[in-house]
Number of protein chains: 2
Amino acid sequence: MHIQPLTKGEQTRHRILDLAEKAILQKGFASTSIEELIAAAGITKSGFFYHFRDKNDLARALLARYLERDEVIFNDLFARADALHEDPLHGFLVFLKLLADLMSDLPNGHPGCVVASYCYQDQLFSRDVREMTAEGVRIWRARFRQRLDRIVEKYPPKLDVDLDTVAHMVAVVIDGGIILSKNLSEPRYLPQQVLMFRNFIRLLFLGP
Amino acid sequence: MHIQPLTKGEQTRHRILDLAEKAILQKGFASTSIEELIAAAGITKSGFFYHFRDKNDLARALLARYLERDEVIFNDLFARADALHEDPLHGFLVFLKLLADLMSDLPNGHPGCVVASYCYQDQLFSRDVREMTAEGVRIWRARFRQRLDRIVEKYPPKLDVDLDTVAHMVAVVIDGGIILSKNLSEPRYLPQQVLMFRNFIRLLFLGP
DNA sequence: GGGAAAACCGGACTCTCGGTACAGTAAAAA
DNA sequence: TTTTTACTGTACCGAGAGTCCGGTTTTCCC
């Protein structure tokens, strides 16, 4: 797997997406103007519309890139965790620790979740974009559900719980933690929440 | 405590706020136009600006009302829970059950959290509005922290946890659960998350 | 180095939105 | 009845949003 160089067009496209993502996570999609993006990117309006059909197309591209990156990040974290621990439960616990570490390392705190941001403005987007966010959440659930299935084979849970709900909770804690951190301007709250969820997993499968 | 009748002006003001809240939770603040609100409320633009100085003032009033209502709802739930159980831990567990029930009873699912909605568009609001959201979260934390302090006196936790982080987690689970439910259009996921958090509290203070 | 495709530029056009100003009026409260 | 309260009506403005088209430069590839 080698990295192929980006064409000039792809570079510009990524530059626009970077600027758009930052702006959208702070002001929302509607109040992020195309004009401000092209001004910051150093291109003209026509240049923008060469890359994106319309504003909704920008939203779609942004979300697609965000979901792809998430996939890469989580695959990497799981791979690193699995390399350290063969046991499914302890692998998962290590993963959560790595995740919390990753979030602690973000200097200005987590910039925000595009999916969460879209969810409070979903009427702005076309149906296919909304379906993308839903599909993204389902993929998350499936990924963690798979891990949990392997855990319960070896560690019967101390309480009778629905594993899909536990799998959902990963996303819930992250999205809720981001909101908490943003609201109180305290980046450390997010990793704290992840570690508290980790405590829950420990208690649930391992006990005190 | 008796309810005093609303003046006509207060009725209109509330009607505007109702419409604004619903719209803002679906489209975001920026794309909720004053024009659409007055059309739906059956008043004119002048009527709107009689009640609110500008759009930011609308945002402030909306948030203030939301926080006040939250306070009333949670006071009521705690009062009902405390009436059933004197014990702090079991009172808290009953509270969480009542909260989950309340959320299950919302026919179209939870409409959304104004604080969470504002958080992904905070650059749109004046400093005082942002400070209000932060203060709202702090009040939440203080409320739950107080309960947890009373619990630990009687039930030493099975793990060494920071109680502020546990207190934060109530808001985290609710805000994250709302996002989950909205994204997958499945209202039941939110109460499920609350009950899963309840499981965590049980395991933490009571054990399996 | 030449041609084709990719990557943009310039500018114009239409719409909506937030906000202002101000004069007047109906209805409710005192 | 008088005085607030709660609006209506109209007219206006500047800013900015999204869109479109015809042209021009830049880059890539042979």
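Computed from a predicted model, the values in this text were never measured in an experiment. Lettering follows sequence order; numbering is per chain, from 1.
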Check your understanding: Partners of B:Lys55 by side chain to side chain donor-acceptor pair (under 3.5 Å), sequence neighbours excluded?
Key -> none
**Study point:** Residues B:Arg150, B:Asp87: salt bridge by 4.0 Å N-O rule
**Key:** no
Check your understanding: How large an angle, rounded to 10°, do the end axes of the helix from C:dG1-D:dC30 to C:dA30-D:dT1 enclose when each is built from five base pairs?
Key -> 40°
Point to revise | Atom-pair distance (CD1 on A:Ile16; C1' on D:dG18), nearest Å | key: 15 Å
Exercise for review: Would you classify A:Ser31 as touching base, sugar-phosphate or nothing, given that sugar-phosphate means primed atoms plus P, OP1 and OP2, and contacts are heavy atoms under 4.0 Å?
Suggested key: nothing
Counting only pairs under 3.5 Å, give me each side-chain donor-acceptor contact of residues 69-80 of chain A, with atom names and distances, residues two or more places apart or in other chains.
residue	atom	partner	partner atom	Å
A:Asn75	OD1	A:Arg143	NH2	2.4
A:Asn75	ND2	A:Glu71	O	3.4

Check your understanding: What residues, two or more places apart in sequence or in another chain, satisfy side-chain contact (heavy atoms from CB on, under 4.5 Å) together with B:Arg145?
Key -> B:Asp149, B:Leu163, B:Asp164, B:Ala167
Tell me which donor-acceptor pairs under 3.5 Å the side chains of residues 119-126 of chain A have, and how far apart each pair is, sequence neighbours excluded?
residue	atom	partner	partner atom	Å
A:Tyr120	OH	B:Cys113	N	2.9
A:Gln121	OE1	A:Phe29	N	2.9
A:Gln121	NE2	A:Ser117	O	3.2
A:Ser126	OG	A:Asn56	ND2	2.8
A:Ser126	OG	A:Asp128	OD1	2.3

**Study point:** B:Phe125 CZ - C:dG18 P separation (whole Å)
**Key:** 13 Å
Point to revise | salt bridge (charged side-chain N to carboxylate O under 4.0 Å, His left out) partners of residues 102-115 of chain B, not counting sequence neighbours, each pair once | key: none
Check your understanding: When you check the phosphate oxygens OP1 and OP2 of C:dC8, does a side-chain N or O of A:Tyr50 lie under 4.0 Å from one of them?
Key -> no
**Study point:** Residues in contact with DNA chain C, drawn from residues 36-47 of chain B - heavy-atom cutoff 4.0 Å
**Key:** B:Lys45
Review point. Can you check the B:Gln11 CD to C:dA27 C1' distance for me, whole Å?
Key: 13 Å
**Study point:** side-chain N/O A:His51 vs C:dA7 OP1/OP2, d < 4.0 Å
**Key:** no
Under 3.5 Å, side-chain donor or acceptor atoms of residues 195-202 of chain A against the rest of the protein: list the pairs with distances, not counting sequence neighbours.
residue	atom	partner	partner atom	Å
A:Arg198	NE	A:Leu93	O	2.9

Review point. With respect to the side chain of B:Ser33, which nucleotide from C:dG19, D:dG18, C:dC17 is positioned closest?
Key: C:dC17
Point to revise | For A:Tyr189, side chain to side chain donor-acceptor pair (under 3.5 Å) partners two or more places apart | key: B:Arg141
